[in-house]
Participant: 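What follows is a single structure, and I will ask about it in a moment.
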Amino acid sequence: EMEGFLSNFKSFIDPKLSRVDEFDHELEQLILNPHTTRGDSSGSNALDNCIGGIRGRELWVITGDTGAGKSTWANWVTYEQAKKDVPVMITSFENAPIESVQQLMRMHLGGDFTKFTTQQRRQAMVDLGNMPIYIMNHYGELDREKVIETVRFSARRYGVKMALIDHL
């Protein structure tokens, strides 16, 4: 009786699997319109050659083992965008905001910020403060709706184009 009941339903899964070579014509069309194949530079030529740059309205999910460098790499990408005057927002659920500031300072100075003079660090803070980097000042759990609301506000008020939400 159950089999008869189930036979009336169409599967929701329709994978429409294709082989790579079936996209030959589409690939050639992209080559004729090269502006469609590349986004803005990520800050790394090697990375841009692999991913085609950063295109607007993309969601990246970065995964890996603890301590593999996911947060550092994501902070580097946002820093590189801010260097090009692209407004960015950073927030982390597992790190206090000062940890993001430390990473940005290392990137900006090119090394261990504790090895630089107080004057060099102060100048670096001024430089970073003049960049379009906005840090959502919170630590720990936060309601999902509050995060979404803050991202939307940041986009409207500050023109934020990239939001890094670092969360386990």
Participant: With a 4.5 Å heavy-atom cut-off, do L164 and M89 have their side chains touching?
Facilitator: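 L164 does not reach M89 side chain to side chain.
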
Participant: Restricting to side chain to side chain contact (heavy atoms under 4.5 Å, CB included), what partner residues turn up for D24, sequence neighbours left out?
Facilitator: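 Only E28 meet the side chain to side chain contact (heavy atoms under 4.5 Å, CB included) criterion with D24.
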
Participant: Side chains of F116 and M105, heavy atoms from C-beta outward: is any pair under 4.5 Å?
Facilitator: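 Counting from C-beta outward, F116 and M105 never come under 4.5 Å.
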
Participant: Go through the structure and list residues passing side-chain hydrogen bond (donor to acceptor under 3.5 Å, both in side chains) with T150, not counting sequence neighbours.
Facilitator: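 So T150 forms no side-chain hydrogen bond (donor to acceptor under 3.5 Å, both in side chains) with any residue.
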
Participant: To the closest 0.5 Å, what do you measure between CZ (F153) and CE (M136)?
Facilitator: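 Between atom CZ of F153 and atom CE of M136 there are 11.5 Å.
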
Participant: Going by the rule ring pair (Phe, Tyr, Trp, His ring centres under 6.0 Å), which residues pair with Y158 if we only count those two or more places apart in sequence or in a different chain?
Facilitator: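 Y158 satisfies ring pair (Phe, Tyr, Trp, His ring centres under 6.0 Å) with Y134 once adjacent residues are dropped.
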
Participant: Within this structure, what is the CG-CG distance for the pair L27 and D21, rounded to the nearest 0.5 Å?
Facilitator: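 Reported to 0.5 Å precision, the distance equals 11.5 Å.
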
Participant: When rounded to the nearest 0.5 angstrom, what distance separates CG in L47 from OG in S41?
Facilitator: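 So the gap between those two atoms works out to 8.5 Å.
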
Participant: In the structure I gave you, are the side-chain heavy atoms of V101 and M125 within less than 4.5 Å of one another anywhere?
Facilitator: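 When only atoms from C-beta onward are counted, M125 and V101 do touch, with a gap below 4.5 Å.
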
Participant: How many angstroms lie between atom NZ of K115 and atom CZ of R121, to the nearest 0.5 angstrom?
Facilitator: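 Here the interatomic distance stands at 11.0 Å.
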
Participant: Hydrophobic clustering (ILVMFWY, side-chain heavy atoms < 4.5 Å, transitive) - are L142 and V160 grouped together?
Facilitator: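 Both belong to a single hydrophobic cluster.
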
Participant: I'd like to check the ring pair (Phe, Tyr, Trp, His ring centres under 6.0 Å) partners of F113; sequence neighbours left out, ordered by chain and number.
Facilitator: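 If we apply the ring pair (Phe, Tyr, Trp, His ring centres under 6.0 Å) test to F113, skipping adjacent residues, there are no hits.
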
Participant: Pair up each side-chain donor or acceptor in residues 70-79 with any protein partner under 3.5 Å, not counting sequence neighbours, and list the distances.
Facilitator:
| residue | atom | partner | partner atom | Å |
| --- | --- | --- | --- | --- |
| K70 | NZ | G64 | O | 3.2 |
| K70 | NZ | D65 | O | 2.9 |
| S71 | OG | D166 | OD1 | 3.3 |
| S71 | OG | D166 | OD2 | 2.4 |
| T72 | OG1 | Q103 | NE2 | 2.9 |
| N75 | ND2 | S71 | O | 3.1 |
| N75 | ND2 | Q103 | OE1 | 2.4 |
| W76 | NE1 | E80 | OE2 | 3.4 |
| T78 | OG1 | A74 | O | 3.4 |
| T78 | OG1 | N75 | O | 2.8 |
| Y79 | OH | H108 | ND1 | 2.9 |

Participant: Determine, step by step, whether S92 and E99 satisfy the side chain to side chain contact (heavy atoms under 4.5 Å, CB included) criterion, reporting the C-alpha distance in whole Å, the side-chain angles of both residues, the deciding distance to 0.1 Å, and the verdict.
Facilitator: CA-CA 9 Å; S92 177; E99 293 181 51; over 6 Å; no

Participant: Does atom CE of M131 have more than 12 heavy-atom neighbours, drawn from other residues, nucleotides or ligands, at distances under 6.0 Å?
Facilitator: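 Yes, CE of M131 has more than 12 neighbouring heavy atoms, counting only those of other groups under 6.0 Å.
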
Participant: Do you reckon I135 sits in the same ILVMFWY cluster as M107, going by side-chain contacts under 4.5 Å, direct or chained?
Facilitator: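 Cluster IDs for I135 and M107 match.
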
Participant: Would a 4.5 Å heavy-atom cut-off, applied to side chains only, mark P132 and V86 as touching?
Facilitator: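 No, too far: nothing below the 4.5 Å cut-off.
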
Participant: Near D112 CG, under 6.0 Å, is it more than 12 heavy atoms from other residues, nucleotides or ligands?
Facilitator: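 Yes, enclosed.
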
Participant: Say whether, by atom type as modelled, one donor and one acceptor occur between the side chain of K161 and the main chain of A155 under 3.5 angstrom.
Facilitator: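 No, the answer is negative, given that no donor and acceptor are paired below the 3.5 Å cut-off.
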
Participant: Do L104 and I133 have side chains that get closer than 4.5 Å, going by heavy atoms?
Facilitator: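 When only atoms from C-beta onward are counted, I133 and L104 do touch, with a gap below 4.5 Å.
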
Participant: Could you report the tightest heavy-atom contact between I54 and Q81, atom names first, then the distance?
Facilitator: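 Closest approach of I54 to Q81, heavy atoms only: CD1-NE2, 3.5 Å.
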
Participant: Taking the side chain as every heavy atom from C-beta outward, state whether D48 and D40 have any pair of such atoms under 4.5 Å apart.
Facilitator: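 They are not in contact (no side-chain heavy atoms under 4.5 Å apart), so the answer is no.
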
Participant: Cut-off 3.5 Å, side chains only: do Q123 and D127 have a donor facing an acceptor?
Facilitator: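 Side-chain D/A pair, Q123 to D127: present.
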
Participant: Test of understanding: with side chain to side chain contact (heavy atoms under 4.5 Å, CB included), list the residues that count as partners of I148, not counting sequence neighbours.
Facilitator: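 For I148, the residues satisfying side chain to side chain contact (heavy atoms under 4.5 Å, CB included) (neighbours in sequence not counted) are R144, E145, R152.
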
Participant: Which heavy atom of S42 sits nearest to which heavy atom of S44, and what is that distance?
Facilitator: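 The pair with the smallest heavy-atom distance is OG-N, 3.2 Å.
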
